Asks: 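Dropping a structure here in structure tokens format, bear with me for questions.
Each chain gets a letter, A, B and so on, in the order the sequences are listed, and its residues count up from 1. All figures in this text were calculated on a predicted structure; none of them were measured in a lab.
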2 protein chains.
Amino acid sequence: MAINAENVKSQMRKGYLEYCILLIIAKKPMYVSDIITELKEAQLIVVEGTLYPLLSRLKSSGILGYQWQESLQGPPRKYYELTDDGRQFLAELEEGWEEIKNVVELIKNKNI
Amino acid sequence: MAINAENVKSQMRKGYLEYCILLIIAKKPMYVSDIITELKEAQLIVVEGTLYPLLSRLKSSGILGYQWQESLQGPPRKYYELTDDGRQFLAELEEGWEEIKNVVELIKNKNI
DNA sequence: ATAAATACCTTGCGATACAAGGTACTAAAA
DNA sequence: TTTTAGTACCTTGTATCGCAAGGTATTTAT
């Protein structure tokens with residue numbers, strides 16, 4: 001029930017997590033560990049339990065596809081990549097993100 | 001189950017809605033209708049059913065306080081205002097927001 | 001064989017936006 | 001005086017999603 005800053009920051013993260021993940025996969029096909037590493041480099045900590053369901057949803061919505069690929073050390077990996085629909089979708093998120101930045105700026109600067 | 005852009009945009013909104021609301025109340029005490037109007041002006045559509053529980057949570061967490069105030073036409077209104085803790089909290093959200101903008105920029109610009 | 005490392009996935013929980021519906025007060029019209 | 005309209009407050013139920021915790025499967029080294 002109580003609200004704390006961490007809580008809200010985590011709420012903020014929810015919103016743009018999908019966006020960030022798609023930005024990363026858009027560059028080149030990636031599997032879960034790669035994605036987590038990339039996010040961590042950008043200071044965005046995400047765990048497996050978050051990522052697997054999210055990727056599955058994006059897959060079944062036709063935004064992502066994947067290919068199995070052998071690994072040199074361990075079981076095969078699922079490399080996710082954007083579909084054409086996925087690129088379209090990412091473009092829309094891009095817009096959404098710009099809108100949000102706009103809204104916050106508008107509110108901040110009003111009556112100042 | 002299906003994912004669409006509207007859905008995700010609404011997810012994005014969730015994250016920074018609290019931030020925007022606090023930014024608005026920080027300027028001067030406001031009651032629900034005022035807040036909705038301000039948000040609408042910034043293109044952020046929010047309904048009562050969202051706002052009331054959110055304000056209650058912020059109140060019981062000590063981030064907001066309120067004062068009843070008579071209205072010229074209708075029942076009295078609850079004017080919410082930031083407490084000292086609330087200002088501290090808002091400052092933390094400010095940081096969180098800057099961090100998020102940073103993360104997105106980092107991911108966007110990596111390997112370009 | 002067994003253990004360790006790596007990879008995939010699922011279940012249960014808590015948080016929260018939103019739709020829909022409800023209560024209460026004021027003032028003006030019937 | 002009753003009724004209606006307007007304004008304000010609040011609650012309940014639903015769906016979604018991040019995350020912690022736990023589980024399964026494959027490969028490689030001991």
Asks: Measure the distance from CG on A:Leu54 to C1' on D:dT16 and round it to the nearest whole Å.
Replies: 12 Å
Asks: Expressed as a whole number of angstroms, how long is the span from A:Tyr52:OH to C:dT11:C1'?
Replies: 16 Å
Asks: What's the closest nucleotide to the A:Pro53 side chain, out of D:dG18, D:dC10, C:dT10?
Replies: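 Of the options given, the side chain of A:Pro53 lies nearest C:dT10.
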Asks: In whole Å, I'd like the distance from the CD atom of B:Glu18 to the C1' atom of C:dA15.
Replies: 10 Å
Asks: Measuring from the side chain of B:Lys78 (C-beta onward, heavy atoms only), which nucleotide among D:dC10, D:dA8, C:dA17 has the closest atom?
Replies: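 Per side-chain heavy atoms of B:Lys78, the pick is D:dC10.
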Asks: Without decimals, in angstroms, what is the distance between B:Ile45 CD1 and C:dA17 P?
Replies: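 Distance check: B:Ile45 CD1 to C:dA17 P gives 16 Å.
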Asks: Whether B:Glu81 and B:Lys28 form a salt bridge (side-chain N of Lys/Arg under 4.0 Å from carboxylate O of Asp/Glu) is what I want to check.
Replies: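 Looking at B:Glu81 together with B:Lys28, the answer is no, because their closest N to O distance does not fall below 4.0 Å.
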Asks: Which atom pairs link the protein and nucleotides 21-28 of chain D when you take only N or O atoms and keep those under 3.5 Å?
Replies:
| unit_1 | atom_1 | unit_2 | atom_2 | d |
| --- | --- | --- | --- | --- |
| D:dT28 | OP1 | A:Leu72 | O | 3.4 |

Asks: Check the angle between the aromatic planes of B:Tyr80 and B:Tyr66 and answer parallel, tilted or perpendicular using the 30° and 60° thresholds.
Replies: perpendicular
Asks: Counting only heavy atoms not in A:Lys59, do more than 12 fall under 6.0 Å of its NZ?
Replies: no
Asks: Would you kindly give the CD-to-C1' distance between A:Gln67 and C:dA7, to the nearest whole Å?
Replies: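 A:Gln67 atom CD is separated from C:dA7 atom C1' by 18 Å.
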Asks: Measure OH/B:Tyr79 against P/D:dT7 and give the value in whole Å, please.
Replies: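 Interatomic distance, OH of B:Tyr79 to P of D:dT7: 14 Å.
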Asks: To the side chain of B:Ser33, which of D:dA8, C:dC18, C:dA7 is closest?
Replies: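 In terms of side-chain proximity for B:Ser33, the closest of D:dA8, C:dC18, C:dA7 is D:dA8.
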Asks: Picking from C:dC18, D:dC10, D:dA8, which would you name as closest to the side chain of B:Arg77?
Replies: D:dA8
Asks: Closest to the B:Val47 side chain: C:dA17, D:dG18, C:dA19?
Replies: C:dA19
Asks: Can you list everything that forms a salt bridge (charged side-chain N to carboxylate O under 4.0 Å, His left out) with A:Glu99? Sequence neighbours excluded, please.
Replies: none
Asks: Has B:Thr50 got a side-chain N or O lying under 4.0 Å from the OP1 or OP2 atom of C:dA17?
Replies: no
Asks: Could you tell me how far apart B:Lys59 (NZ) and D:dC9 (C1') are, to the nearest whole angstrom?
Replies: 15 Å
Asks: D:dT11 P sits how many Å from B:Leu55 CG, rounded?
Replies: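 Answer to the nearest Å: 12 Å.
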Asks: Can you list, by chain and residue number, the hydrophobic cluster partners of B:Ile45 when the side-chain cut-off is 4.5 Å?
Replies: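 Via sub-4.5 Å side-chain contacts, B:Ile45 links to none.
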Asks: May I ask you to decide whether A:Lys108 forms a salt bridge with B:Glu94, counting only side-chain N to carboxylate O separations under 4.0 Å?
Replies: yes
Asks: Indicate the ring-plane relationship of A:Tyr31 and A:Tyr79, choosing parallel, tilted or perpendicular according to the 30° and 60° boundaries.
Replies: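 Tilted.
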Asks: Can you tell which of C:dC8, D:dC10, C:dT16 lies closest to the side chain of B:Arg57?
Replies: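 Comparing C:dC8, D:dC10, C:dT16 against the side chain of B:Arg57, the answer is C:dT16.
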